[in-house]
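Since the structure is predicted, the reported quantities are computational estimates derived from the model, not experimental observations. All chains are named by letter (A, B, ...) in the order of the sequence lines, taking the proteins before the strands, and each is independently numbered beginning at 1.
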Protein chains: 2
Amino acid sequence: MEVRAEYCEEHHVHKELVDSVKLDMPDEESLYDLVELFKVFGDTTRIRILYVLFESELCVCDIAELLSMSQSAISHQLRVLKQAKLVRSRREGKTVFYFLADDHVRTIIGQGMDHINE
Amino acid sequence: MEVRAEYCEEHHVHKELVDSVKLDMPDEESLYDLVELFKVFGDTTRIRILYVLFESELCVCDIAELLSMSQSAISHQLRVLKQAKLVRSRREGKTVFYFLADDHVRTIIGQGMDHINE
DNA sequence: ATAACATATGAACAGTTGTTCATACGTTTG
DNA sequence: CAAACGTATGAACAACTGTTCATATGTTAT
């Protein structure tokens, strides 16, 4: 006929499978948070910042110099990393030092590297 | 004076540290690939697709129905997931089934979940 | 061969994102 | 206090991304 069905006619999913899928699927909020976390890792500048912080804490201008980018651009991205709780900071006079918040960062990046190296 | 220095005047990074950072920093191509991988995880639709595939392989229309989205939208995203080698597919007549490529997917998502759960 | 179905894909459009620029904030020094 | 420095931030703009829509491709059945 002329009218398309919204989905395929013969469904391959069974009731038990649908239930099982819905059980394992995280709630809306967790899913959103998870996606936001991966979005943070999905940017070259932010990944580079995390990599330079692997070695030691650094101030904003040092990171900017190491990555050959403007202070403003780095500061904006450090804000994103901080909101995602991937880095923390401490002030020392005029200078603000940033450092990795915990070891999850290394683990997640490591797993990603494992994948792209087959 | 009136002219701003490009970077802070007193650098906190030392030569040894800079060398060490540059040593650990992956090459341009690996960094790019890593970022592209995380970008793939940074979308609600794609994460949802991966979650439903945790249970079993599914055809495109089943995924579309489970996520209440159009066949086209799902197909576009499956293409992205396939290019990232996170899913694979097999054809069976008119139907194409998609399934997880390997266990890195579970590991990476698991690590992400660990982080957001503090 | 034709029709119907399942999937794939190109174009377009809206929403999002990262950088730059200008400027504000917070701290130290004279 | 004012000036200088290091950092933070809002606005604007270009580049990118995900969905929709229309349509094409590939397979099966009549």
* Inspect the surroundings of CZ in B:R106 and state if more than 12 heavy atoms from other residues, nucleotides or ligands are less than 6.0 Å away. => yes
* State whether B:K94 places a side-chain N or O below 4.0 Å from either non-bridging phosphate oxygen (OP1 or OP2) of C:dT7. => no
* Asked: Start at the 5' end of DNA chain C and walk down; is the nucleotide closest to B:L78 or to A:G93 reached first?
  -> B:L78
* Asked: Within less than 4.0 Å of OP1 or OP2 of C:dT20, is there a side-chain N or O belonging to A:Q71?
  -> no
* Asked: Please give, in whole Å, the distance from C:dT7 P to B:I49 CD1?
  -> 13 Å
* **Minimum-distance nucleotide to B:A73 side chain [options: D:dT19, C:dA8, C:dT19]** => D:dT19
* **Nearest-neighbour nucleotide for the A:S75 side chain, D:dG26, D:dA8, C:dT19 considered** => D:dA8
* Please give, in whole Å, the distance from D:dA15 P to A:D43 CG? -> 16 Å
* To do: Grab the CD-P distance between B:Q83 and D:dG18 for me, whole Å please.
  => 12 Å
* Rounded to whole angstroms, how far apart are CD on B:E36 and P on D:dT17? -> 7 Å
* Asked: Can you name the one residue among A:V60, A:I74, A:I49 that meets side-chain contact (heavy atoms from CB on, under 4.5 Å) with A:Y98?
  -> A:V60
* Asked: Going by modelled atom types, is there a donor-acceptor pair between the base of C:dT9 and the side chain of B:S72 at under 3.5 Å?
  -> yes
* To do: Would you please confirm or rule out a distance under 4.0 Å between OP1 or OP2 of D:dG6 and any side-chain N or O of A:Y98?
  => no
* Asked: Any side-chain donor paired with an acceptor under 3.5 Å for A:S20 and B:E55?
  -> yes
* According to a strict under-4.0 Å criterion, is A:R79 in side-chain N/O contact with OP1 or OP2 of D:dA8? -> no
* CZ of A:F54: more than 12 outside heavy atoms within 6.0 angstrom? -> yes
* To do: Kindly indicate whether the side chain of B:H76 and the base of C:dT7 share any N or O donor-acceptor pair separated by less than 3.5 Å?
  => no
* Provide, to the nearest angstrom, the distance between the CZ atom belonging to B:F38 and the P atom belonging to C:dG18. => 15 Å
* Of A:R91 and A:V80, whose closest DNA chain C nucleotide lies nearer the 5' terminus? -> A:V80
* **Spacing between B:E65 atom CD and C:dT7 atom C1', to the nearest angstrom** => 16 Å
* To do: Rounded off to whole Å, could you give me the NZ-to-P distance for the A:K82 and D:dT7 pair?
  => 12 Å
* Assign the ring pair A:F38 / B:F41 to parallel, tilted or perpendicular, where the plane angle (0 to 90°) is split at 30° and 60°. => tilted
* How is A:T95 classified with respect to the nucleic acid when contacts are heavy atoms under 4.0 Å: base, sugar-phosphate, or nothing? -> sugar-phosphate
* **Separation of atom CZ in B:F97 from atom P in C:dA6, rounded to whole Å** => 11 Å
* To do: Give a yes/no answer on whether the side chain of A:R46 brings an N or O atom under 4.0 Å of OP1 or OP2 in C:dG18.
  => yes
* Out of D:dT7, C:dT17, D:dG18, which has the shortest distance to the side chain of B:Q77? -> D:dG18
* Side chain B:R46, main chain B:K39, donor-acceptor under 3.5 Å -> yes
